[in-house]
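Working notes for the structure below.
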There are 2 protein chains.
Amino acid sequence: MILNSCSMSPQPLSPHNFRDLFDSVEAFLFDCDGVIWKGDELIDGVPQTLDMLRAKGKKLVFVTNNSWKSRSQYADKFRSLGISVSQDEIFSSSFAAAMYLKVNNFPSQNKVYVIGGEGILEELQLAGITAFGGPDDANKTIDLKQNCFVEHDKSVGAVVVGIDPNINYYKLQYGTLCIRENPGCLFIATNRDAVGHMTALQEWPGAGCMVAAICGSTQKEPVVVGKPSTFMMEFLLKK
Amino acid sequence: MILNSCSMSPQPLSPHNFRDLFDSVEAFLFDCDGVIWKGDELIDGVPQTLDMLRAKGKKLVFVTNNSWKSRSQYADKFRSLGISVSQDEIFSSSFAAAMYLKVNNFPSQNKVYVIGGEGILEELQLAGITAFGGPDDANKTIDLKQNCFVEHDKSVGAVVVGIDPNINYYKLQYGTLCIRENPGCLFIATNRDAVGHMTALQEWPGAGCMVAAICGSTQKEPVVVGKPSTFMMEFLLKK
């Protein structure tokens with residue numbers, strides 16, 4: 001269960017060195033999908049392990065590349081699974097996207113267009129950034145008649161793309177127009193995971209699918225804030 | 001207007017060599033989007049040029065990377081614009097996808113799943129290949145509850161992806177499952193154009209957008225049958 005040790009070089013765990021390693025580690029970082037839960041089911045042994053680590057005074061951080069939810073929504077998910085985790089212990093790629101814009105001084109007069117979940121919108125708003133799109137555009141349709149035209153907001157300074165099971169042509173066109181036509185508009189990917197584990201029975205196209213779609217229509221590459229980029233981990237270490 | 005000359009090496013056109021070049025060329029290949037029409041509007045001078053070439057006994061071929069329509073549907077479009085063009089004079093990437101499978105002896109017991117337009121389904125059916133998906137899956141939705149599951153047909157031996165303004169998560173999941181889980185399943189792109197000119201007022205995400213989405217979720221690269229791949233041109237030359 002020890003996922004990350006910043007202060008020691010990797011060595012095989014054995015009954016002899018386990019205690020030294022354990023004592024030397026202050027914080028434990030956990031992935032969530034497939035480590036804490038699978039879909040909406042808790043993985044065996046997780047509550048006992050977390051209780052033991054807390055009893056030993058270890059700091060816990062739950063890191064998830066999945067951008068669908070905000071930290072507060074992930075805290076609710078932990079709660080619904082019977083585990084008490086505070087928002088401050090959670091680090092999601094939706095939060096990472098907001099932090100990336102904040103540390104890079106995203107201009108307050110600019111807006112963000114979101115292809116992804118409510119969680120991204122929520123984290124951006126908490127960071128004081130005006131954002132729109134996401135679930136609000138889930139049911140927008142395009143009828144490609146001759147006079148069909150999508151008008152986009154020229155003040156959009158970044159398009160954030162994460163996993164979006166409500167992906168549609170309107171969103172693809174809107175994000176593409178912002179990136180292609182608004183000078184300096186950033187293209188930010190929460191992550192590029194090929195698949196996600198949103199249900200227990202099968203894998204589903206992940207943010208990597210929606211991000212690649214926008215790469216395909218814009219011919220541009222995104223800034224990735226989630227794993228395996230180092231932004232999230234570097235931000236965490238500074239924190 | 002001379003787009004392609006197979007028998008001569010390129011040289012600048014001048015009043016002196018124009019006649020020799022013109023006389024030596026048997027067939028004229030035209031792109032359609034932006035050359036013959038823009039959206040549903042004919043480009044100035046096209047009817048006169050085509051009439052002149054036909055009067056001189058030249059063979060005309062209309063090549064389009066746009067996979068939305070079949071050759072017969074493109075013939076209808078020419079007709080609606082007042083130009084008489086036969087189905088045999090049209091070479092679309094929807095037809096190219098069907099021809100690619102045919103010349104590669106696609107097994108008759110296998111099926112094709114289509115992310116794209118009716119035109120691809122029509123061309124596959126004309127080539128004797130069983131295909132499904134496309135417009136029939138336009139309104140399918142996914143509700144990611146814990147027991148949500150998309151069952152895919154294990155006999156799908158190829159997924160053909162073209163431009164699809166009705167792209168949705170169901171189609172992305174279905175195509176991804178076939179490519180990832182059916183042994184040997186082909187991933188065929190009609191083309192990878194970033195944008196298309198389906199209306200006169202703005203550009204729209206092209207097949208390159210949907211193809212990239214499937215690359216993102218499968219981590220695989222497609223066989224491309226349209227331009228700039230040489231399959232379409234080589235097939236035409238043999239014909």
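What you are looking at is a predicted structure, and each value in this text was computed from that prediction instead of being measured. Order of the sequence lines sets the chain letters (A, B, ...), proteins ahead of strands, with each chain counted from 1.
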So what's closer than 4.5 Å to chain A heavy atoms on [X]: side chain, backbone, both or neither?
| X | value |
| --- | --- |
| B/V211 | neither |
| B/M198 | both |
| B/L172 | both |

Evaluate whether atom CD of A/E151 has more than 12 neighbouring non-hydrogen atoms of other residues, nucleotides or ligands under 6.0 angstrom away.
no

Considering residues, nucleotides and ligands other than B/K77, do more than 12 of their heavy atoms fall under 6.0 Å from its NZ?
yes

Evaluate the criterion side-chain contact (heavy atoms from CB on, under 4.5 Å) for residue pair A/T176 and B/W204; output intermediate values, then yes/no.
CA-CA 8 Å; A/T176 300; B/W204 297 87; over 6 Å; no

Report, in residue-number order, which members of residues 215-232 of chain A are under 4.5 Å from chain B by heavy-atom distance.
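Against chain B, the residues of residues 215-232 of chain A that fall inside the cut-off (heavy atoms, under 4.5 Å) are A/G216, A/S217, A/Q219.
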
Inter-residue atom distance A/N168.CG - B/I167.CD1, 0.5 Å rounding
10.5 Å

Quick one: pull up OG1 in B/T199 and CG in A/L144 and give me the separation to the nearest 0.5 Å.
6.5 Å

Hey, are the side chains of B/Y169 and A/C209 touching, using non-hydrogen atoms and a 4.5 Å cut-off?
no

Just do the side-chain contact (heavy atoms from CB on, under 4.5 Å) check on A/Q202 and B/L177 with the steps written out, would you?
CA-CA 9 Å; A/Q202 65 184 180; B/L177 287 171; 3.8 Å; yes

Salt bridge (Lys or Arg N to Asp or Glu O under 4.0 Å): pairs with one or both residues in residues 156-177 of chain A, sequence neighbours excluded
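Matches after skipping sequence neighbours: A/D164-A/K171.
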
Heavy-atom pairs under 4.5 Å with chain B are the metric here; pick the option from A/R192, A/E41, A/M210 that has the most.
A/E41

A/A207, A/A194, A/P205: which one forms the most heavy-atom pairs within less than 4.5 Å of chain B?
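Ranked by contacts with chain B, first place is A/P205.
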
Which residue out of B/D193, B/V150, B/T141, B/I142 racks up the most heavy-atom pairs below 4.5 Å with chain A?
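Heavy-atom pair counts peak at B/V150.
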
Quick one: do B/K145 and A/D40 satisfy side-chain contact (heavy atoms from CB on, under 4.5 Å)? Show the steps, please.
CA-CA 9 Å; B/K145 289 193 178 134; A/D40 286 334; over 6 Å; no

